[in-house]
Amino acid sequence: MSITWNAAPAPAPTPAQAAPAPAAPAAPPRRRAVPLLHQPRVQRLVLPLLVGLILVGGWQALVDGLELPPYLVPSPALMMQTLLVDAAMLGSSLLVTLKITVLSFVVATVVGVLVSFLFVQSRLIETALFPYAVLLQVTPIVAVAPLIIIWVKDPTASLVICATLVALFPIISNTTLGLRSVDPDLQAYFRMNHATRLQTLLRLRVPSALPYFFGGLRISSGLALIGAVVAEFVAGTGGSATGLAYQILMAGYQLNIPRMFAALLLISLTGVALFALMAWATRAALGSWHASEMSHD
């Protein structure tokens, strides 16, 4: 005798049971607010200013405490007062120095890029000519400037040539290095597609060289200012220059040390402004695609 079990059919699931209700989307985690002083961009501005205020305050306290005479070490307050009193004279001299600096920087950039383009075309050309670029770099400008000033009758042109010789080498070396630093695989890909020398230069080598080029610009801008000041020192001994270096010479002859320090301050601030301008140009050109300038804050 066999017993057959007939199981009752299970009840059909209701619509509510058939599909589970979708879970509510999880709220995105709230980003923790970073304190203002802990932000890297604020620190890059605040920390140097804080160190500068400490140094200036210590300088002022040292001069006042030791009662140092102005002809030996002027206080920051006296230097700023002299800067305001002689603003017209120092401002006109600053324009002359700035004009020489900008002209020499532009000439050095154009000549340096063209020479780098020439070097990258052939290793033989680079091997034959690069030592002469190094020779320009290691030759003291104070030894060459008097000859250039004698040979070139125009004072502005002679000063521009002197400053250009100082600012030229970083553009040549950095740009040439960047043009050579291309991905071998990409270079082989360009050869496989029968790219011309001009196409390889403009579409492969130039983008690869931009970070190196802008690094050279940041160095060259400061060297152009140094070259302009040194050339003015050499030319100023004959009274043919009216830039800030000439004002420093005249202030030294007259023992007007506060004016000398004020002119030095203007030169330093000009150098900082040029570097900041080149850093901004670098970030504007490379900040959206190159790892060296992309923000990781």
Side-chain angles (χ1 to χ4, degrees), residues 48-49 51-64 66 68-106 108 140-142 144-146 148-149 154-167 218-278:
L49 289 178
V51 173
L53 290 176
I54 293 175
L55 293 177
V56 172
W59 180 2
Q60 182 72 39
L62 185 64
V63 172
D64 293 341
L66 298 179
L68 298 176
Y71 59 84
L72 185 60
V73 179
S75 65
L78 180 59
M79 182 177 63
M80 295 304 298
Q81 180 182 354
T82 305
L83 187 61
L84 294 177
V85 172
D86 299 336
M89 179 178 58
L90 294 178
S92 61
S93 298
L94 174 62
L95 292 179
V96 174
T97 301
L98 192 59
K99 182 180 73 171
I100 302 299
T101 301
V102 172
L103 289 176
S104 60
F105 177 63
V106 172
I141 189 60
V142 293
V144 180
I148 297 176
I149 293 172
D154 184 76
T156 301
S158 62
L159 297 179
V160 169
I161 293 174
C162 293
T164 300
L165 294 179
V166 178
R218 280 185 282 191
I219 300 173
S220 181
S221 61
L223 291 180
L225 177 61
I226 294 174
V229 172
V230 171
E232 287 177 358
F233 269 120
V234 176
T237 57
S240 60
T242 57
L244 287 175
Y246 181 75
Q247 297 299 334
I248 293 175
L249 286 175
M250 292 298 101
Y253 295 150
Q254 301 168 3
L255 291 182
N256 193 344
I257 307 303
R259 182 185 296 172
M260 178 187 295
F261 272 72
L264 288 173
L265 176 63
L266 287 179
I267 293 175
S268 301
L269 293 179
T270 302
V272 172
L274 289 174
F275 184 87
L277 181 62
M278 292 301 103

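Computation of the quantities below employed the complete heavy-atom set of this structure, encompassing side-chain atoms and omitting hydrogens, waters and symmetry-equivalent molecules. Index from 1, following the sequence.
Taking CZ from F275 and CD1 from I219, the interatomic distance works out to 9.0 Å, rounded to the nearest 0.5 Å. The structure places CD of E232 at 9.5 Å from CG of L249, a figure rounded to the nearest 0.5 Å. To the nearest 0.5 Å, atom CD1 of residue I267 and atom OG1 of residue T97 are 6.5 Å apart. Atom CG of L277 and atom CZ of R218 lie 12.0 Å apart (nearest 0.5 Å). Going from atom CG of L159 over to atom CD1 of I100 covers 5.0 Å, rounded to the nearest 0.5 Å. For the atom pair CG (L269) and CG (L274), the distance works out to 11.0 Å, reported to the nearest 0.5 Å.
Closest approach of V234 to P146, counting heavy atoms only: CG1-CG, 3.8 Å. Among all heavy-atom pairs drawn from A224 and S104, the shortest one is CB-OG, 3.6 Å. Contact detail for A108 and S220: the closest heavy-atom pair is CB-OG, 4.4 Å. The two residues P70 and L78 come nearest to each other via the heavy atoms CB-CD2, 3.6 Å. Contact record, T101 with A228: OG1-CB, 3.6 Å, taken as the closest heavy-atom pair. The minimum heavy-atom distance between V63 and S75, with the atom names listed, is CG1-CB, 3.9 Å.
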Determine, stepwise, if the pair V73 / W59 fulfils side-chain contact (heavy atoms from CB on, under 4.5 Å).
-> CA-CA 10 Å; V73 179; W59 180 2; 3.5 Å; yes
Full working for side-chain contact (heavy atoms from CB on, under 4.5 Å) between L225 and T270 | CA-CA 8 Å; L225 177 61; T270 302; 4.3 Å; yes
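Applying the side chain to side chain contact (heavy atoms under 4.5 Å, CB included) rule to S158 yields the partners I148, I149, V152; only residues at least two apart in sequence or on another chain are considered.
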Which donor-acceptor pairs under 3.5 Å do side chains of residues 254-264 form with protein atoms, sequence neighbours excluded?
| from | atom 1 | to | atom 2 | distance (Å) |
| --- | --- | --- | --- | --- |
| N256 | OD1 | R259 | N | 3.4 |
| R259 | NE | D86 | OD2 | 3.1 |

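With Q247 contributing its side chain and L90 its backbone, the two residues share no donor-acceptor pair below 3.5 Å.
Counting only heavy atoms from C-beta outward, the side chains of F233 and I248 approach each other to under 4.5 Å.
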